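Working notes for the structure below.
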Amino acid sequence: MHIYNTKTGKKESLIPREPGKVTMYVCGPTTYNYIHLGNARPVVFFDTVRRYLKYKGYEVLYVQNFTDVDDKIINRAREEKDDPIVLAARYIEEYFRDADALNVMRADIHPRVSEHMTEIIDMVRTLVEKGFAYAVDGDVYYDVYKFEGYGKLSGRTLEDMRAGARVDVDERKHHPMDFALWKSAKPGEPAWASPWGQGRPGWHIECSAMSLKYLGTNFDIHGGGYDLIFPHHENETAQSEAATGEPFVRYWMHNGFITINQEKMSKSLGNFFLVREILEKFKPEVVRFYLLSTHYRSPLDFDDEKLTAAGKGLERLKTSLRLLDEALAGREPGDAIPDAGLAVRLDELRVQFETAMDDDFNTALATGIIFDLARDINSFLHSASANTPAGVAALQKAKELFYAFNGVLGVLKTDKKGKILLDEPDGEDDSLVEKLLQVIIQMRQNARKNKDWAAADGIRDQLKELGIVLEDTHSGVRWKKQR
RNA sequence: GGCGACAUAGCCAAGCGGUAAGGCAGAGGACUGCAAAUCCUCGAUUCCCCGGUUCAAAUCCGGGUGUCGCCUCCA
């Protein structure tokens, strides 16, 4: 499989550090608020990367950090008169609620900055000892000139950046681009003891220290949003390679940005949407499906119409699964050989899906292939073969393929037994609802038998207003919840 | 000022040198008491514009135009 590597600007074939095992680190959120849509894209996308790698048989070690020590957290805590660490911990819990809703699997390790001070301080000390960093008044800065190749990830030179610098230069720095590894604490700020006095880590050092601790040098995939290339990932590379003398990361992956109504979403512009705000209007599965319907390196625009259109498309996929379940209900394929016509198509579709995903995780193409699968299933259901043992066996195979695709993209949630949930559980007693509906449906069937269309349509219309859709078929009446 | 990305039907979106996936919307047909769902058929003679390379370009090169992003906290 091939991955677009930001470091080289090319797609490269994935050759893990250790055969059969992929190590990956993704920059997680700074937890000073609920996560927004922009945070959700990498979370969902890299979750999909991980799922696919596992699907391909790799053992995956996935690490995603939480930045729980940071200026923004301190500011927020001050506003809310709360303790920064407590506040950050609370938003970590909230993060999991949103991530769970989006069907994101937990990382193997979720390290927090506040729990890795020893590693961070050790790394800063190493950098100072090796001459890559210098301390000034309790702060420690990384000396970018000392690191040959600074700028190689983002493709810029120190000269370019000096020319374009728009920041006020701190006189104490050797070079304007020197960045803080350690910041001295002001009174009242959370602080940890260090050789340079009480203070806290700079932003970039945490990811270096934690990724190296859990994954070692030259680990496989490091991911994050496009905006992290510079300065965050550039600085991580500089720190890590200077400290260890080894290559830091093999493949850098960066997802594109999300815009809202064609406008960049940013914290400073204040036009960002929280994940839970979107979830008030759209099902989490629709949000996840939409996030994956565009290639991860392209920008993705959110607006209600687009989400609605995606929701309709997803509904079509779910309908196909419903029809499949209906056709398979109470039937055993036995040891019949699957209908060749469908079976051959199924094999083709699996190859196409894998080819799409192998090519830099082309989830957009992959979702298109699921629509092809849905059409093939629906179409086969119309054919006479559908009722034969061979047909049932082929449909069973189709269902397995559908489940396999869904297992990779993670769009539809499953219960403990792995069965895809087609309707959102809403806390009602489903068996009672089912029984009541059967009574109502029977009454309506009687009306239909008497050609009392007014009564029959009236029942159907009223149920629709309650969010229950009735569909009359040859074999009986089908009902489903809508919205 | 420096660096970079992208421009494909009404909308969204794949495509990475071999003759335009898929979804939404729309039109017609089948099925239906009517619907719904599903199936079938139809849509870009063409991929922002202009040159060039090639037997062959949406895909490569050069030049325009436009949009967006990074260089500052941000996924």
Side-chain angles (χ1 to χ4, degrees), chain A residues 9 11 26-30 32 35-46 70-72 75 151 154-157 159-168 177 203 223-232 234 254-259 262-269 272 289-290 293-295 297-301 303 305-317 319-320 322-323 352 356 359-360 362-372 374-375 377-383 448 451-454 456-457 460-461 464 469-474 477-480 482:
Chain A
K11 282 182 193 170
V26 174
C27 289
T30 300
Y32 67 107
I35 60 166
H36 61 249
L37 244 22
N39 296 306
R41 168 118 94 151
V43 167
V44 167
F45 172 67
F46 287 107
D70 177 270
D71 291 359
K72 293 187 290 293
N75 293 336
S154 51
R156 43 190 105 192
T157 63
E159 287 63 40
D160 289 343
M161 290 185 275
R162 171 165 265 171
R166 299 195 325 222
V167 239
D168 290 335
M177 297 314 293
W203 174 35
Y226 200 73
D227 60 330
L228 294 183
I229 296 173
F230 189 88
H232 188 51
E234 189 69 64
H254 294 95
N255 61 274
F257 264 57
I258 280 180
T259 54
Q262 314 286 358
E263 256 198 341
K264 188 206 167 177
M265 177 170 69
S266 77
K267 289 176 186 177
S268 50
L269 288 177
F272 58 92
F289 181 67
Y290 185 67
S293 68
T294 295
H295 186 89
R297 283 189 282 117
S298 301
L300 212 209
D301 188 59
D303 69 40
E305 283 93 303
K306 289 168 188 167
L307 266 305
T308 301
K312 286 182 182 176
L314 216 211
E315 195 54 43
R316 212 158 90 72
L317 261 19
T319 296
S320 186
R322 283 196 187 91
L323 296 174
Q352 286 172 17
D359 184 13
D360 196 28
N362 194 336
T363 55
L365 223 198
T367 52
I369 288 154
I370 302 182
F371 279 98
D372 290 337
R375 196 189 312 101
I377 290 169
N378 296 340
S379 183
F380 186 76
L381 254 15
H382 277 260
S383 72
R448 293 181 71 209
K451 295 202 185 331
D452 184 355
W453 309 126
D457 293 353
R460 187 171 63 194
D461 292 344
K464 180 151 195 208
V469 177
L470 294 190
E471 296 173 1
D472 300 327
T473 72
H474 293 297
V477 182
R478 174 158 65 222
W479 70 270
K480 66 177 176 183
Q482 197 163 69

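On a predicted model such as this, the values are computed, not experimentally measured, just so you know. Throughout, protein chains are lettered first and strands after them, A, B, ... in sequence-line order, and every chain is numbered starting at 1.
- His295(A) has its side chain out of reach of Asp359(A): every pair of non-hydrogen atoms, C-beta onward, lies at least 4.5 Å apart.
- In this structure, G69(B) forms a base pair with C3(B), meeting either the Watson-Crick or the G-U wobble geometry with both donor-acceptor distances under 3.5 Å.
- Heavy atoms of His474(A) sit under 4.0 angstrom from primed sugar atoms or phosphate atoms, though from no base atom.
- Judged by closest nucleotide on RNA chain B, Ala309(A) is the one of Asp227(A) and Ala309(A) placed further toward the 5' end.
- Regarding Arg448(A), its CZ atom lies at a distance of 11 Å from the C1' atom of A36(B), rounded to whole Å.
- Taking atom C1' in both U59(B) and A7(B), one finds a spacing of 14 Å when rounded to whole Å.
- Nucleotide U46(B): unpaired (no Watson-Crick or G-U wobble partner with both distances less than 3.5 Å).
- In this structure, Gly38(A) reaches the bases: a heavy-atom distance under 4.0 Å links it to at least one base atom across the strands shown.
- Applying the 4.0 Å criterion to OP1 and OP2 of G23(B), one finds that Arg375(A) has a side-chain N or O inside that range.
- Each of Thr367(A), Leu300(A), Thr308(A) was evaluated against Tyr290(A); a single residue qualifies, Leu300(A), per the side chain to side chain contact (heavy atoms under 4.5 Å, CB included) test.
- Nucleotides U19(B) and U38(B) have their P atoms positioned 31 Å apart, rounded to a whole Å.
- Here the CG-OG distance, from Asn378(A) to Ser320(A), works out to 4.0 Å after rounding to the nearest 0.5 Å.
- No side-chain heavy atom of Leu323(A) sits less than 4.5 Å from a side-chain heavy atom of Ile377(A).
- When Watson-Crick and G-U wobble pairs are counted only if both distances are under 3.5 Å, A21(B) pairs with no nucleotide at all.
- Closest to the Lys11(A) side chain, of the nucleotides C16(B), U38(B), A75(B), is C16(B).
- Below the 3.5 angstrom threshold, one finds a donor paired with an acceptor across the side chain of Asp457(A) and the base of G33(B).
- Of the candidate nucleotides C71(B), A36(B), C73(B), A36(B) has the atom nearest to the side chain of Glu471(A).
- Atom CZ of Phe289(A) and atom CD of Glu315(A) lie 11.0 Å apart (nearest 0.5 Å).
- Checked by distance alone, Arg478(A) brings no side-chain donor or acceptor within 3.5 Å of a matching partner on the base of A36(B).
- Comparing atom distances between the Lys306(A) side chain and each of C12(B), A21(B), A37(B) picks out C12(B) as nearest.
- Not a single donor-acceptor pair, N or O on each side, falls under 3.5 Å between the base of C24(B) and the side chain of Arg316(A).
- Spacing between C47(B) and A58(B) at atom C1', rounded to whole Å, works out to 4 Å.
- Taking a pair to require two hydrogen-bonding distances under 3.5 Å in either a Watson-Crick or a G-U wobble arrangement, G15(B) pairs with U8(B).
- Between the C1' atom of U32(B) and the NE2 atom of His382(A) lies a distance of 13 Å, rounded to the nearest Å.
- In plain terms, the two heavy atoms of Phe230(A) and Met177(A) that are nearest each other are CZ-CE, 3.5 Å.
- The CD atom of Glu234(A) lies 7.5 Å from the CZ atom of Arg156(A); values are rounded to the nearest 0.5 Å.
- Side-chain atoms of Thr294(A) lie closest to A13(B) of the nucleotides C16(B), A13(B), G22(B).
- Closest contact between the side chain of Asp472(A) and the listed nucleotides G33(B), A36(B), A25(B) involves G33(B).
- Which of A75(B), G33(B), G22(B) sits closest to the side chain of Asp372(A) comes down to G22(B).
- Checked against C70(B), C34(B), A21(B), the side chain of Leu365(A) finds its nearest nucleotide in A21(B).
- Here the C1' atom of nucleotide C68(B) and the OH atom of Tyr226(A) are 11 Å apart, to the nearest Å.
- Residue-nucleotide stacking is not present for Phe371(A) and G23(B), judged by a side-chain ring centre under 5.5 Å from the six-membered base ring centre and planes under 30° apart.
- Nucleotide A14(B) holds its P atom 12 Å from the CG atom of Asp360(A), rounded to whole Å.
- Separating the C1' atom of G15(B) from that of A21(B) is a span of 8 Å, rounded to the nearest Å.
- Within the structure, every side-chain polar atom (N or O) of Asn378(A) is placed at least 4.0 Å from both OP1 and OP2 of U38(B).
- Taking only side-chain nitrogens and oxygens, Lys312(A) comes nearer than 4.0 Å to OP1 or OP2 of A25(B).
- Set against A14(B), C73(B), A75(B), the side chain of Lys72(A) has C73(B) as its closest nucleotide.
- Taking the six-membered ring where the residue is Trp, Tyr226(A) and His254(A) present perpendicular rings, their angle passing 60° and hence far from 30°.
- For A30(B), the paired nucleotide is U38(B), the pair qualifying as Watson-Crick or G-U wobble because both relevant distances are below 3.5 Å.
- Across all strands, Asn362(A) comes closer than 4.0 Å only to sugar-phosphate atoms, never to a base (heavy-atom distances).
- A gap of 33 Å separates the C1' atoms of C12(B) and G52(B), to the nearest Å.
- An OP1 or OP2 oxygen of C74(B) is reached within less than 4.0 angstrom by a side-chain nitrogen or oxygen of Trp203(A).
- Distance OH (Tyr290(A)) to C1' (C24(B)): 11 Å, rounded to an integer number of Å.
- When the P atom is used for both G51(B) and A56(B), the distance is 16 Å, rounded to whole Å.
- Put simply, CG on Asn255(A) is 14 Å from C1' on C70(B), counting in whole angstrom units.
- Among the nucleotides C24(B), C39(B), G33(B), the one closest to any side-chain atom of Ala456(A) is G33(B).
- Distance, His254(A) NE2 to C71(B) P: 13 Å, rounded to whole Å.
- Atom C1' of A44(B) sits at a distance of 14 Å from the matching atom of C11(B), rounded to the whole Å.
- Residue His295(A) is classed as a sugar-phosphate contact, given heavy-atom separations below 4.0 Å to backbone atoms only.
- Among the nucleotides A75(B), A14(B), C34(B), the one closest to the side chain of Ile258(A) is A75(B).
- Put simply, CG on Leu470(A) is 11 Å from C1' on A35(B), counting in whole angstrom units.
- Considering only heavy atoms from C-beta on, Thr319(A) stays 4.5 Å or farther from Arg316(A) through its side chain.
- For the C1' atoms, the distance linking G17(B) with A75(B) amounts to 35 Å, nearest Å.
- Pairing for U54(B) is absent, with no Watson-Crick or G-U wobble pair whose two atom distances lie under 3.5 Å.
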